[in-house]
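Here's the structure, in structure tokens; my notes come after.
We count ligands from 1, going down the list as the structure has it; atoms in each ligand are counted the same way.
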Amino acid sequence: MGSQMYDWPEPVVSVQSLADGGISVIPERYIKPPEDRPATTGALSIPEQCIPVVDLAKLSAGSSECPATILSVANACREWGLFQVVNHGVEAELMTAVMATWREFFKLPLEEKRKLANSPTTYEGYGSLLGVEKGASLDWGDYFFLYILPSSHKNHDKWPNYPPSCREITEEYGRQMVALCGNVMKVLSKGLGLEVGFLQEKFGGDEIGACLRVNYYPKCPQPDLTLGLSAHSDPGGLTVLLADDRVPGLQVRKGASWITVHPVTGAFVINIGDQIQVLSNAVYKSVEHRVLASETKERMSVAFFYNPRADLLLEPARELVTKERPQRYDAMTFTQYRLHIRNKGPSGKTQLESLQIT
Ligand code: OGA
Ligand code: NI
């Protein structure tokens, strides 16, 4: 830790250790202002089926030319910024294994997990904070963050060595996620009326970035006052979320309402990140989302992030800039872009909005 440029501004409290301590009242730092609490922003009763479920069977079989798939993905990304996928080609056993191995990791005693404690320099490792502002509001969750690509960023020493199979399972999971995202990128490109390889090329071809964030949300004695994860959009390209289908928690914003996502068994929830909103000149929208805390059930999720090569300048595709639809954003690298959430923590879609050319 000593050689790091900077560290967290205050001691990090593991939420899991707070929850295990058997408190009945949450510390003030976790209490959200009334307008951000779950209950006050009443969930609209839109049936869950409204969140599109896309069958990727044709795509998994090697074809990115299926018009029906392209249309449903494109519509979902224009309207929602997220969709679920079934028949996605990722093995069910691997999905079970990755959840199981990380569940075991979070069961380790705190001292063991703390050996892999992260710092804001790279965020790799076990942590609870997102953002480095002292005194900031805190979320009811812990996480483990690691890099998968580029391989020069991947550091197995920062990955858990317990359970023994954790590294191997996570490696294989990463490989299958990269393949799935590569396929989804083709569909997204076609859905914009562009060449099949367009978005992938803009992301740096084979030199994309990929990372994983395993979220652990312990039980919370006062879930109405806090959030497992505050509202944000994901800064990168695509996010593939594997979530426990028995414990809801993820909500997405649709206009003024928050809608709970109920994952279909065996499905992934895929959402668009800010970089694809930028590249598509806001034809596709990144989705604002948050996670509720629960009084009765702990929850775990595995979020895989597929990102552009960090040092490339990304700007709206020329093909999507017209007189009627002028260029919405200036060019920026993902390294620059990501600093915002890493410094300020989750803050809705304020960053993208602040960058909009008016
Ligand atoms: C994230 C995220 C959602 C969830 O990690 O960025 O939004 O359900 N996770 O845990
Ligand atoms: Ni997110």
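For the Ni ion (ligand 2), the set of protein N/O/S atoms nearer than 2.8 Å consists of H232 NE2, D234 OD1, H289 NE2, ordered by chain and number.
The local environment of CD in E171 is crowded, with over 12 non-hydrogen atoms from other residues, nucleotides or ligands closer than 6.0 Å.
Salt bridge annotation for E10-R29: present, with a cationic side-chain nitrogen under 4.0 angstrom from a carboxylate oxygen. A salt bridge links K344 to E133: one of the charged nitrogens lies within less than 4.0 Å of a carboxylate oxygen. Between R309 and E207 a salt bridge is recorded (basic side-chain N to carboxylate O distance below 4.0 Å). Between E104 and K107 there is a salt bridge, since at least one side-chain N of the basic residue sits less than 4.0 Å from a carboxylate O of the acidic one.
Between F145 and F305, the ring planes lie tilted relative to each other; the angle falls in the 30° to 60° range.
Geometric assessment of K285 against the ring of W80 yields a negative cation-pi assignment under the 6.0 Å and 45° thresholds.
Side-chain atoms of Y337 and D274 form a donor-acceptor pair, as typed in the model, at a separation below 3.5 Å.
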Please produce the table of protein N or O atoms sitting under 3.5 Å from N or O atoms belonging to ligand 1, one pair a line, distance to 0.1 Å.
{"residue": "ligand 1", "atom": "5 (O)", "partner": "R213", "partner atom": "NE", "Å": "3.4"}
{"residue": "ligand 1", "atom": "5 (O)", "partner": "N215", "partner atom": "ND2", "Å": "3.1"}
{"residue": "ligand 1", "atom": "6 (O)", "partner": "H232", "partner atom": "NE2", "Å": "3.2"}
{"residue": "ligand 1", "atom": "6 (O)", "partner": "D234", "partner atom": "OD1", "Å": "3.2"}
{"residue": "ligand 1", "atom": "7 (O)", "partner": "H232", "partner atom": "NE2", "Å": "3.2"}
{"residue": "ligand 1", "atom": "7 (O)", "partner": "H289", "partner atom": "NE2", "Å": "2.9"}
{"residue": "ligand 1", "atom": "8 (O)", "partner": "R299", "partner atom": "NH1", "Å": "3.1"}
{"residue": "ligand 1", "atom": "8 (O)", "partner": "R299", "partner atom": "NH2", "Å": "2.9"}
{"residue": "ligand 1", "atom": "10 (O)", "partner": "N215", "partner atom": "ND2", "Å": "3.4"}
{"residue": "ligand 1", "atom": "10 (O)", "partner": "Y217", "partner atom": "OH", "Å": "2.7"}
{"residue": "ligand 1", "atom": "10 (O)", "partner": "S301", "partner atom": "OG", "Å": "2.6"}

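With respect to F144, the ring pair (Phe, Tyr, Trp, His ring centres under 6.0 Å) criterion is satisfied by exactly one of F105, F106, Y126: F105.
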